[in-house]
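Values reported hereafter were calculated over all heavy atoms of this structure, with side chains retained and with hydrogens, waters and symmetry mates removed. None of the values given here were measured: they were computed from a predicted structure.
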Protein chains: 2
Amino acid sequence: MGGRRVTGRTVSALHSAADLKRFHSLLQSYMDKKGLRSTDQRRLIVDLFFHANGHVSIEELLADVRVRDARIGYATVYRTLKLLAECGIAYERSFGDGVARYELADEFSHHHDHLICIECGGITEFQEPRIEQLQDEIAKRHRFDLRRHKHELYGVCAKCSKR
Amino acid sequence: MGGRRVTGRTVSALHSAADLKRFHSLLQSYMDKKGLRSTDQRRLIVDLFFHANGHVSIEELLADVRVRDARIGYATVYRTLKLLAECGIAYERSFGDGVARYELADEFSHHHDHLICIECGGITEFQEPRIEQLQDEIAKRHRFDLRRHKHELYGVCAKCSKR
DNA sequence: CTAAGTGCAAAAAGTTTGCATTCCG
DNA sequence: CGGAATGCAAACTTTTTGCACTTAG
């Protein structure tokens, strides 16, 4: 119910082995279908993305990737993330700071929305099924085919209020 | 209750005269306090912003503004919108298409969230008090001082589904 | 082999800023 | 007058693309 703290890149994501399996097989079948190739770079980037904490920017992921292989370029990470977004494995987000961020799709992680602290920039996740239900209602009301949503609460977190 | 269609720039916003009055007086007092000046350009931009449909980009507002005064530059609109955002009269948003958009703060308009069509880009507004209430609950649960939120539903609108 | 992928560097697209000039108060 | 605002153009930032070279299949 509550959210777990995932500010920045301090907490490692906890996805199950089963998620990883489905993730790989979906990606593989998409790549097969499109005639795309599996390269060292792509495997590394995709792997680190899966294990990264949610909400990584291209720059951040590139830094991670370069620890393992310093030759990899920005454009490759950029194109690989686009690829993941294309086949529905990743969502492209932007929290208003002008840089694109990517996170694992709900089906490989767990669906969640965000509380964002306007003081420290910390991001906490939350889940609220009753809101999801109301969203479906709204979509129905508008005869709108709802595919995804973005729900962000901005304010000051407990820690920052105290200071 | 339902939302009204405000796609792009086709429907004119309907704010009350009282809103306009409060809007001007808040802006005026902010400018007085900061020693800022009232210029022809600023008055024109601010005025057109108030009467514009929600969600205007700098580029769009600039186009409107230039109908009245062709000499006005991008930077002036940019700086004026920043000013409005600074003093809380406007919100800066971004719907992921890489351009910043501005809309009137809730207190001068009416609070609403957005349904965004991923086919045609159309934006429809919606309101749902029960969601607002649940948000407050979530914030409380996290001892989070909620200041504002962003709730966007992405999908395919009725019109586009039909095609 | 050959079409796809990579890395680089250049091009775009949008946002910010420096500065000479204009103009509000 | 003096400092703030404007308009222009240049600087930035981030994203996207073209291209020659490499490589998976």
- Side-chain N,O (A:R79) to OP1/OP2 (C:dG5) below 4.0 Å: no
- Query: In whole angstrom, what separates A:D40's CG from C:dG5's C1'?
  - Reply: 11 Å
- Query: Given D:dG25, C:dC23, C:dG7, which nucleotide is nearest the side-chain atoms of B:R37?
  - Reply: C:dC23
- Item | Of the listed nucleotides C:dG14, C:dG5, D:dT14, the one nearest the side chain of A:Y74 | D:dT14
- Task: Specify the separation, in whole Å, of atom CD1 of A:I45 and atom C1' of C:dG7.
- Result: 11 Å
- Task: Flag the pair A:H149 / A:H111 as yes when their ring centroid distance falls below 6.0 Å, and as no otherwise.
- Result: yes
- Item | Mutual orientation of the aromatic rings belonging to A:Y74 and A:Y78 [parallel < 30°, tilted 30-60°, perpendicular > 60°] | parallel
- Note on the structure: Taken to the nearest 0.5 Å, the spacing of B:S38 OG from B:M31 CE works out to 5.0 Å
- note: A:I58, atom CD1; D:dT16, atom C1'; distance rounded to Å ~ 10 Å
- What integer distance in Å separates A:I72:CD1 from C:dC8:C1'? 14 Å
- Item | Nearest-angstrom distance from the residue atom CG of B:L62 to P of D:dG7 | 10 Å
- Message: Under 4.0 Å, heavy atoms only, any strand: does B:R71 hit a base, just the sugar-phosphate, or nothing?
- Response: sugar-phosphate
- Message: For a quick test of reading the model: is some side-chain N or O of B:T39 closer than 4.0 Å to OP1 or OP2 of D:dT6?
- Response: yes
- Query: Should A:R42 be listed as having a side-chain N or O under 4.0 Å from OP1 or OP2 of C:dA4?
  - Reply: no
- Task: Send over the distance from A:D97 CG to D:dC12 C1', rounded to a whole Å.
- Result: 16 Å
- Query: Does a donor on one side chain and an acceptor on the other come within less than 3.5 Å for B:H55 and B:E103?
  - Reply: yes
- Message: Side chain of A:K82 only, heavy atoms from C-beta on: which candidate in D:dA5, D:dT16, C:dG7 is closest?
- Response: D:dT16
- Note on the structure: Separation of C:dG5 atom P from A:Y78 atom OH, nearest Å, is 15 Å
- Query: Considering heavy-atom distances to DNA chain C, does B:E59 or B:S38 have its closest nucleotide positioned more toward the 5' end?
  - Reply: B:E59
- Message: I'd like to know if B:E137 and A:R130 make a salt bridge, using a cut-off of under 4.0 Å between side-chain N and carboxylate O.
- Response: yes
- Task: Between D:dT15, D:dA9, D:dT17, spot the one nearest the side chain of B:A75, thanks.
- Result: D:dA9
- Could you give the CG-to-C1' distance, from B:L83 to C:dT16, as a whole number of Å? 16 Å
- Proximity to the side chain of B:Q41 - top-ranked nucleotide from C:dC8, D:dG25, D:dG7: D:dG7
- Task: Using a heavy-atom cut-off of under 4.0 Å over every strand shown, decide if B:K34 touches base, sugar-phosphate, or nothing.
- Result: nothing
